[in-house]
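Let me begin by presenting the structure, written as structure tokens, before commenting on it.
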Amino acid sequence: MRSIVWFRHNLRLSDNPPLYHASREGPVLPVYIWDPSLDTLPDGARKWWLAGSLRALNGQLETHGLTLVLLRGPSEEILFRLARDLQIGAVHAAPGRTPEERRLDLKVSRILSGAGVPFLTESTDYLIAPEFVPEGRSGPWKVFTPFWRFCRSRLSPDSPLPAPAKIAKVPGPRGERLEDWGWDPPVPDWAQTMRRTWRPGEAAALERLELFVAETLAGYGRRRDFPAEDGTSKLSPHLAQGEISPRQIWRKVTESKALEKDREKFLEELGWREFAAHLLRHNPEMLESPLRKIFLNYPWKAEGRGFELWKRGMTGFPLVDAGMRELRLTGGMPNRVRMVAASFLVKNLGISWRSGAAWFAENLVDYDPASNAASWQWVAGCGTDSAPFFRIFNPVLQGERYDPRGEYVRKFVPELARIPDRYLHRPWMISGGSGNCPGDFSSSYPDPFVDLKTSRIAALQAFRRLSTPG
DNA sequence: AGCTCATTGAT
DNA sequence: TCAATGAGC
């Protein structure tokens, strides 16, 4: 039987159930659809990654004599036409992850079944598919720790599926050319930085995993917090595009000889990803709306000059600015820095987490709707199990604690390259004239435009009024 | 997975 | 003068 394999966020050959099953049943037409109704974000780093990922996938399919067929338009119409014209017996795909994608799944399924073609979905996007995680005692899980304890105690993911040994080909249409989709960045310099930083595609993802487990997993628990240390896995963009599956990662990590403490800490990060998916499944409004509804009344400030400065990495707080510039330059940012930058936007600038989440969505190569929203709500204090609102990061102290030598800041904020460690995270104090700083430090680096202390107090006051109205 | 301020006890 | 500690935000 001939099948369509509709590649979505599972751009890999190994451990890919739709591809695996379809290829055992008969010839395959591999398809990727650019559906404008699902692609409402401005083009950014993610598009660069996606283009690379599609090229890599096509390269792998070509070793089997297949070509990834690129098509643009409404997914359900495209799939219906292909299925009808090519005498297709079934369409295989990974199920949608967002509410929007899941609505599309229903539409696709309805239209295909009208043509007598089953729409078969299966995925290994998560260690436990969100629909199979039993609810807690009183409904869906709301707190991470019991959720993860529960999952962890019963987790024994199946072995990853191998890549199909042979894939037979359905002769199909030529499809469009990726070059015509305009996803390659218009600015060559930017692409160069991206290429130096990342390598999209399944082969790179598997190599990254090997390298991480061999060299970085030991010490992960401590080093992950130090942005200059390169102590994180850097697997998130591969996961976001499905170039690798979490159970492939699970397998390698649990088999590793690293200390249990480090292994468990890393698996817990996979756990947060699972938790975000669980939350989204049971709270489909979570992408736009706070889980704690009282936050609907929080007096967020309008985006304005402050938001512009935050986005450009010109707030005057070195750790925040380094992170925001890294994001803009490379599409990445380590978790610790994300928390600090996000806390600063929400608590010190008083701007809604939704504005921040939108900017991250546009710029992160590892953008994942569920994880992004869940993490922003965690920082903002409006999630079900989030940092308490009054937990406010101080970017100066965080900088001094986690980037004491300023290696990370200096890398992304060159204006500060020659500032002595002592002042690196509070450069405005130099112009205060201590006299200890010979040399030319007058630079284009901006002075802070908010006061950490007063903005913090204002945020706490707004929050208190929220919880005790009247 | 925080910060600040006040207090305390050691230098 | 300053590190350690704890309460409260």
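The figures here come from the full heavy-atom set of this structure, side chains too, leaving out hydrogens, waters and symmetry mates. Lettering of chains follows the sequences in order, A, B, ..., and the numbering in each one begins at 1.
- Here the C1' atom of nucleotide B:dT4 and the CZ atom of A:R391 are 15 Å apart, to the nearest Å.
- At least one test fails for A:R195 against the ring of A:W198: distance under 6.0 Å to the centre or angle within 45° of the axis.
- Between A:Q398 and B:dC3 there is a side-chain N or O to OP1 or OP2 distance below 4.0 Å.
- Atom CH2 in A:W148 sits roughly 17 Å away from atom P in B:dA1 (whole-Å rounding).
- Between A:W300 and A:F295, the ring planes lie parallel to each other; the angle is under 30°, not in the 30° to 60° tilted range.
- Following rounding to the nearest Å, A:E400 (CD) and B:dT4 (P) show an atom-to-atom distance of 11 Å.
- Taking 4.0 Å as the cut-off between side-chain N and carboxylate O, A:R405 and A:E400 do not count as a salt-bridged pair.
- Atom CZ of A:F226 and atom C1' of B:dA1 are 13 Å apart (whole Å).
- Taking atom NZ of residue A:K347 and atom P of nucleotide B:dC3, one finds them 11 Å apart after rounding to whole Å.
- Electrostatic pairing of A:R273 and A:D368 does not count as a salt bridge here, judged by no charged N lying under 4.0 Å from a carboxylate O.
- For A:E326 and A:K411, the salt-bridge test fails: no basic side-chain N is under 4.0 Å from an acidic carboxylate O.
- Within the 4.0 Å cut-off from OP1 or OP2 of B:dA1, not a single side-chain nitrogen or oxygen of A:N335 is found.
- Of the residues in residues 449-461 of chain A, A:K453, A:R456 come within less than 4.0 Å of DNA chain B through at least one heavy atom, sorted by number.
- Among B:dA1, B:dG2, B:dT4, the nucleotide with an atom closest to any side-chain atom of A:N394 is B:dT4.
- Remark: A:Y402 is not in phosphate contact with B:dA1, judged by side-chain N or O atoms under 4.0 Å from OP1 or OP2.
- Contact check on A:D125 versus A:R8 returns no salt bridge, with no Lys/Arg side-chain nitrogen under 4.0 Å from an Asp/Glu carboxylate oxygen.
- In this structure, A:R222 does not reach the B:dA1 phosphate: none of its side-chain N or O atoms is under 4.0 Å from OP1 or OP2.
- Between A:K311 and A:E308 there is a salt bridge, since a side-chain N of the basic residue sits under 4.0 Å from a carboxylate O of the acidic one.
- A:F390 places its CZ atom 12 Å from the P atom of C:dG8, with the value rounded to the nearest Å.
- When the side-chain nitrogen and oxygen atoms of A:R336 are compared with OP1 and OP2 of B:dG2, one or more of them lie within a distance under 4.0 Å.
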